[in-house]
Each structure stands twice: as structure tokens, then as C-alpha cells.
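Take a look at the structure below.
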There are 2 protein chains.
Amino acid sequence: MPAAQPPSAPALAWTDASPAVNASFLEGLIGYNARRAALAVIGVFLERMAPFDLRVVDFSVLTLIAHNPGITSRQLSAALAILPPNLVGLVRQLEERGLIEKHPHPHDRRAQGLYVTEAGRSLQSEAQAVVASLETEAITHLTEDERQTLIRLLRKVYHSQP
Amino acid sequence: MPAAQPPSAPALAWTDASPAVNASFLEGLIGYNARRAALAVIGVFLERMAPFDLRVVDFSVLTLIAHNPGITSRQLSAALAILPPNLVGLVRQLEERGLIEKHPHPHDRRAQGLYVTEAGRSLQSEAQAVVASLETEAITHLTEDERQTLIRLLRKVYHSQP
DNA sequence: TATTGTTATACTCTATAACTATA
DNA sequence: TATAGTTATAGAGTATAACAATA
């Protein structure tokens, strides 16, 4: 979420005197709140992942490859809802950084299995530890019960879609 | 640099026709689930809003103007986390469709107050009714209690960000 | 000097069509 | 005929700098 103007700085008189904008209807919508929460969490994610030079999508791809040795580009596409053409440059960059490697698929000569290199495994492991800590640290206003409830309800929402 | 898992090792991801990718770590993250839920809900939103020719952002802007007569572009920018330059074309299109009008601001000649026209008020009202029904209908797998809990926890997440 | 609305622009993200080599 | 990976490209979405009018 791009920084909304902090209301701390004293602005024009009429602005201060004006009642806050009424956004009550939007604030009652799941989509509106889910998007804002996602943007907020992703903002913190980007800060903490900067040392690893990993965006959200880079971390997701690297993590799935680390946890699923030999996964194909097509499987990544389905798992992350990224269209195949948009995955090409992504995978190529990780490969050029020496984090992953492509190897021939044993049963399908069209496909290629993706594997993390030793450097990739190491980087993913460190990054995963940082991400895991974000869940319990940066979102400290949620108890563990609330965190699990939140995830359960979110999954219920997107699994119930037609 | 050697691959951590050589291709000669037993394959995990492509063994059979039901390639169940292990995404367990990502699925335990709030950001991942919030983004997927938002995308799912927005997908349904777009379908149902097609008759009104309104995208999510169009509906949001039109709704805030309808609920806040005389709101300025700057206030919309802050309320929706949209940068001022990106709001210009948005507002202009709604104006060209005859849904909103600009009027001089009473106390600040730099600013312009935004107001819905009669056509705008009518369209927004119909669209809002459809959106409200989506919350209780398309997300029918959630009880009203769960829906309110979900929204409360989501707000807690993005309000607790630094 | 600061703010509102604006233009121009660039960069990212996402989407579609079409090609190749395999199946 | 269908699928995996790829290329090229178009369209959204999002970002910064800078300007004129006004505060």
C-alpha cells in the first residue's frame, strides 16, 4: 500500500475541520479489506526481502521449486496463478542468478524440471525464516488463534468461488 | 554450481497424473491467502459489475463521491491509496459518462468538489445493491458471524502496520 | 513556501496470440 | 489434436518529476 497521507501534519483549516471521508460501505466489504490487508503485508514483506533481492513472486517461485524438486513451469503457473508467458522471464532471472537450474524431464521431452542450486537452497532457507518471523512479529496485534482463524476464513472465501 | 537435487534423484512433482504441488508454506501465510481471497472476490465482482461498466476502482470512486458530496480529488487519493495523477483519467471518464460533475470549491479556488449527477446517483445505487448482495450470496459458505470476524481481523492486520 | 490538479512519462504487472517441439 | 515452453506484444496498474494556479 502506497503511503496514504498521514493526518499528523497540520493541513489547511477546512481540511482539518472537515469530517473524515465516509468510506463505511467499502469498509464493510471483504474484497476491499482483503486487498488492503494484502497490500499492507506485502509492503512489509518487500522491506524485509530487500536484502535478498526477492520480490513476492520471486520468493514464491523459489520456495515452490525448493519444496518441489523437478516441478515444471506449467505446474508453477497453475499453483501461483501466473500465466506461462509471464513466468519465462521470472525463471530465467532466477537461473541467471545461479539460484535454480533446469534439467531435462525424464518422461516428457517437452518439459523441463526445475531445481534449486546449493546457493538457491541456502538463500530460500534464509528468506523463508525471515518471512516466517514476519507472520508472528510484524502482525503482532493478532494472537495465534486469530491468525489461524483469519487464514481459515480466507481460504474458505477463495475455495468457495464458482 | 551443482544442483541440490540432481535430476537422477527420485522425482516428486511429476510422478503421476495428479501433480499435487506442495505449497504448504505459502498457504500458511496471511499475505498469500489475503491476495488469493481478494483476487477471487474481485473476479466475481467484475462479472457482476459488467452490466454497469464499472471496474472495482470506478465503483470505489463513484461510491465515495456519492457518499461524500463535494469530496476533492485529493481526498479520494488519500482514502483509496491512489496517486493523484492516476485519478485524473479516472475522474474524467466518469465525468464524460455523465455520472459525476465538478463544481468550484467554496473556500479553495485550487480545488474542485465532486458530485454525482442524478444518473450517477441512480447507477451507484443499483451497483451498490448488487455488491451488497455479493457479500452474503457469492460468499455463502461464510456465516454472518464468520464474515464479520473476517473483516475485523483483516482490518486489524492493515491497521497494525508501521 | 506549500498544496491542488494536471501533464508527461516510465516501469511493472497481467493478458492474448502465435510459434516450436514434442506427446 | 493437444500440451510445454517460448516469443512478441498489448493493455492495465502504479510510480515520479514537474508545471500553473492558488493558498
Side-chain angles (χ1 to χ4, degrees), chain A residues 1-18 35-36 38-39 42-43 46 53-58 60-61 65 70-95 100-114, chain B residues 13-14 17 19 21 35-36 38-39 42-43 45-46 49 53-61 65 70-95 100-114:
Chain A
M1 167 100 38
Q5 311 291 17
S8 52
L12 296 179
W14 77 267
T15 305
D16 280 339
S18 295
R35 178 174 174 272
R36 288 201 58 170
L39 289 175
I42 286 171
L46 289 181
D53 194 19
L54 292 176
R55 295 166 301 166
V56 172
V57 67
D58 298 317
S60 301
V61 166
I65 296 175
I71 192 173
T72 66
S73 179
R74 214 70 185 191
Q75 288 176 303
L76 283 177
S77 173
L80 295 174
I82 299 174
L83 293 170
N86 299 330
L87 216 43
V88 176
L90 213 66
V91 167
R92 179 163 44 213
Q93 282 183 314
L94 293 177
E95 195 183 9
I100 65 172
E101 282 176 358
K102 293 177 181 175
H103 292 291
H105 191 288
H107 305 126
D108 187 340
R109 279 186 296 170
R110 294 170 305 180
Q112 298 171 98
L114 300 173
Chain B
W14 60 57
V21 172
R35 178 174 174 273
R36 289 201 56 170
L39 288 176
I42 286 171
F45 185 102
L46 289 181
M49 284 297 106
D53 195 17
L54 291 176
R55 295 165 301 166
V56 172
V57 68
D58 298 318
F59 174 77
S60 301
V61 167
I65 296 174
I71 192 173
T72 66
S73 179
R74 216 70 187 188
Q75 288 176 301
L76 283 176
S77 172
L80 295 174
I82 299 174
L83 294 171
N86 300 330
L87 215 44
V88 176
L90 213 67
V91 167
R92 179 164 45 213
Q93 281 183 313
L94 293 176
E95 195 183 10
I100 66 172
E101 281 176 0
K102 293 177 181 174
H103 292 293
H105 191 285
H107 305 125
D108 188 338
R109 278 185 295 169
R110 294 171 305 182
Q112 298 170 96
L114 301 174

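The structure presented is a predicted model; accordingly, all values stated were derived computationally and were not measured. A, B, ... follow the sequence lines: proteins, then strands. Residue 1 opens every chain.
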Measure the spacing between [atom1] of [X] and [atom2] of [Y] and express it to the nearest 0.5 Å.
| X | Y | atom1 | atom2 | value |
| --- | --- | --- | --- | --- |
| A:Q75 | A:I65 | CD | CD1 | 11.0 Å |
| B:L94 | B:K102 | CG | NZ | 10.5 Å |
| A:E101 | A:E95 | CD | CD | 8.0 Å |
| A:N86 | A:L80 | CG | CG | 12.0 Å |

[N] OP1/OP2 closer than 4.0 Å to side-chain N/O of [X]:
| X | N | value |
| --- | --- | --- |
| A:K102 | D:dT6 | yes |
| A:R109 | C:dA23 | yes |
| A:Q112 | D:dT6 | yes |
| A:R92 | D:dT7 | yes |

Rounded to whole Å, how long is the line connecting atom [atom1] of [X] with atom [atom2] of [N]?
| X | N | atom1 | atom2 | result |
| --- | --- | --- | --- | --- |
| B:L83 | C:dG5 | CG | C1' | 14 Å |
| A:R74 | D:dT6 | CZ | P | 11 Å |
| B:Q93 | D:dG11 | CD | C1' | 13 Å |
| A:L39 | D:dT14 | CG | P | 8 Å |
| B:I42 | C:dT14 | CD1 | C1' | 14 Å |
| A:L90 | C:dC13 | CG | P | 9 Å |
| A:L114 | D:dA4 | CG | C1' | 12 Å |
| B:I82 | C:dT4 | CD1 | C1' | 17 Å |

>> Suppose we call a contact any N or O donor and acceptor under 3.5 Å apart; does that hold for the side chain of A:D108 and the base of D:dA4?
In response: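 Result: no qualifying N/O pair found.
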
With the side chain of [X] defined as its heavy atoms from C-beta on, choose the nearest nucleotide among [options].
| X | options | result |
| --- | --- | --- |
| A:N86 | C:dT7, C:dA15, D:dT14 | C:dA15 |
| A:A111 | C:dT6, D:dT14, D:dA4 | D:dA4 |
| A:R110 | D:dT22, C:dT6, D:dT3 | D:dT3 |

> Just by distance, do the side chain of B:S77 and the backbone of B:I82 share a donor-acceptor pair under 3.5 Å?
Replying inline: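 Pair found, side chain donor or acceptor close to backbone of B:I82.
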
